[in-house]
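Worksheet: one structure, shown below.
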Amino acid sequence: MLISEFLHNLTTQALEDLLKGEEIDIYEAPDFIIERPKNPNFGDFATSLPLQISKLLSKNPLDIAKNLVELLPDCEEIEKFSVEKPGFINFSISKNWIKHEIKAIISQEKNYGRPPNPRDSKVQVEFVSVNPTGRLHLGHIRGAVIGSTIANLLENQRFQVEKEYYVNDAGNQMEIFGRSVIERIKEINGTDFNILEDHYRGDDIVEIARELAPKYKNHDLKNTKETIFDEIKNNSKDVCIKNIKEDLKLIKIEHDTWFYESSLIASNYFSNTLDNLGNLDLTYEKDGAIWVKTEELGDERDNVLIKSNDNKPTYFATDIAYHRDKFEVRNFDKVIDLWGADHHGHIKRMELILEKLGIDSKKLKVLLNQIVSLKSSSGISKFSKRAGTSIFLKDLVEEIGSDACRFSFISRSPESQMEIDIDIFKKQSSENPVFYVQYAHARVSSILRSSEHFDIDYSDADTNLLVSADEVNLLKKLIEYPELLNRVTKTLNVHELSSYALELAQVIHKFYEKNRVIDEDLTNIEQTKSRLLIIKASKIILSNLLNIMGMDSPENM
RNA sequence: GCGCCCGUAGCUCAGCUGGAUAGAGCAUCUGGCUUCGAACCAGAGGGUCGGGGGUUCGAGUCCUCCCGGGCGUGCCA
């Protein structure tokens, strides 16, 4: 059990006992948390419960704190409980408990901080899902990195995770994409071509055309027939998806499932869903289009499902069928979607419709990340695929590396607005904090390599010998790891992982600076053993953490 | 106009269901390698937490108004 949970249980029990004496029902008391005080003088954990209930009990919070502490049982996990003004209870954890945890890190290695058994919960994480109309660029990396880290974390925490990419291949943009490629093929093959205003015009389109051009060398593409157009469009799509997969691999992302929007149409699951909405009396026809009555469900207005001009479904319409499929056909217990903030208006109506379809919308968690914009001396500009003004992922990774790239995006909260000055961004990447973390890993690895010459068995080392401030800080930081994973699994705030990684690296570096690990004269073998133990534990936690964040744990740098 | 989000050090950002002295990296300045890795460490300067009001024992965090910015408000996706 996590120590914070343990303390919460303990305190809750004491609170119940206290309230019995006061003849107040426990349910009237507020929820409280066990937190970690910033100031080390206030112990390892703390709660402000006495302050929160002082009004309820009409008593001085300091007195309540004293009463509660008296009701707390002695236990070997806790060294002491103390009361601080104006009414906090502080907990200091015992050396024994620390020792126990450090041994657990060593013995469990990769499994430390994980639940002992797989969870009976199927979770889908859907992320990236960029339209297959070109290469991935800077604007796509944020959701990709956050999504993959969430998936890694949930896998680590023993959920049954499926990583999915939704391929939006049935909409209008595919037609424009197809035509954009054809014009470039014509250009490459030396025939007349015409890039229209609404065509995609990036280098990635030219790249696809170059790959397909030889095949159509002898075709007259001037009056493109429907069949040949569809063929080129589909070929272009395939090349494009191949490129996207390559790009994702560069930042250590591999999806389990590629789900095609077009498959929903082909399998009639889309029309089936449409019928379903009709049967629920949620659709109507107006101006030649089919609408869904989202306004009466609580949305701002009704939405079109089938367009009047071409009788094709809107993005929203197929997305309803897609999400229905996730829950009704594939039975996910939880679905986490990572969307750009430009889709936020979409969330409410999706949830409303899901509820009407008999699906608990709480099973769907949409995580928004704010759109990344480019800042330069000429002002702020949005990425535009169509205009071809993007910075491609592959170029960025080639320049700054995957780990620095991932770290830059993981370490910012998804809600923060990122205005990237690409020159500053690249410059900062050369001194990216990820290297600080990885350097700590390389350093401890190096010490462990050196220790091998001495053939020291430190498995029975005594952590009680670690008493200096740097040693104790490192021990305490290490055993914070399970608390961290537990918390982030709930909040999905993966930037806490990178914050912790930096904090851990920092205490490791500080420890290293003042504490010689290997005593080569072997005069103080017990101390050497205990320090090797903490170094080994540090390496394990760093490596586990870097792995979850999708980054390397280098032995050398 | 309305809805959602954001505004914290010169820059990029943390600040964990409100908590005890607001933090880190970069940049600037000072010091530290004959011993396990100096991609490191020690120290200094730098803040009216966009502004006003409010709730609270306690507000960067919650409420409200204002200022500034992003996104949405399509028979685009």
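Residue numbers start from 1 in every chain, and the chains themselves are labelled A, B, ... in the order their sequence lines are given, proteins ahead of strands.
- Ring stacking holds between A/F88 and B/rA20, with the centres under 5.5 Å apart and the planes within 30 degrees of each other.
- Taking atom P in both B/rG23 and B/rA44, one finds a spacing of 13 Å when rounded to whole Å.
- With both pairing distances under 3.5 Å, B/rC62 is matched to B/rG54 as a Watson-Crick or G-U wobble pair.
- Residue contacts shown for A/L502 are absent, as no nucleic acid heavy atom lies under 4.0 Å away.
- A/H343 comes within contact range of at least one nucleobase, with a heavy-atom separation under 4.0 Å.
- Checked against the 6.0 Å centroid criterion, the rings of A/Y322 and A/Y166 qualify as a close aromatic pair.
- Both distances falling under 3.5 Å, in either a Watson-Crick or a G-U wobble arrangement, place B/rC71 opposite B/rG3.
- At a threshold of 4.0 angstrom between heavy atoms, the contacts of A/H344 include nucleobase atoms, whether or not backbone atoms are also involved.
- Evaluation of atom-type donor-acceptor distances gives a pair under 3.5 Å for the side chain of A/S308 against the base of B/rC75.
- If you check distances only, the side chain of A/R412 never reaches the base of B/rC13 with a donor-acceptor pair under 3.5 Å.
- Nucleic acid contact class of A/Y500 (heavy atoms, under 4.0 Å, all strands): none.
- Side-chain atoms of A/N432 stay outside donor-acceptor range of the base of B/rA39, with no qualifying N/O pair under 3.5 Å.
- Using a 5.5 Å limit on the distance between ring centres and a 30° limit on the angle between planes, the aromatic ring of A/Y439 does not count as stacked on the six-membered base ring of B/rG37.
- Using a 4.0 Å cut-off between a side-chain N of Lys or Arg and a carboxylate O of Asp or Glu, A/R449 and A/E452 do not qualify as a salt bridge.
- With a 3.5 Å ceiling on both atom-pair distances, the Watson-Crick or G-U wobble partner of B/rA42 is B/rU30.
- The base of B/rG7 lies outside donor-acceptor range of the side chain of A/Q417, with no N or O pair under 3.5 Å.
- Atom name C1', nucleotides B/rU55 and B/rC65: the rounded distance is 15 Å, in whole Å.
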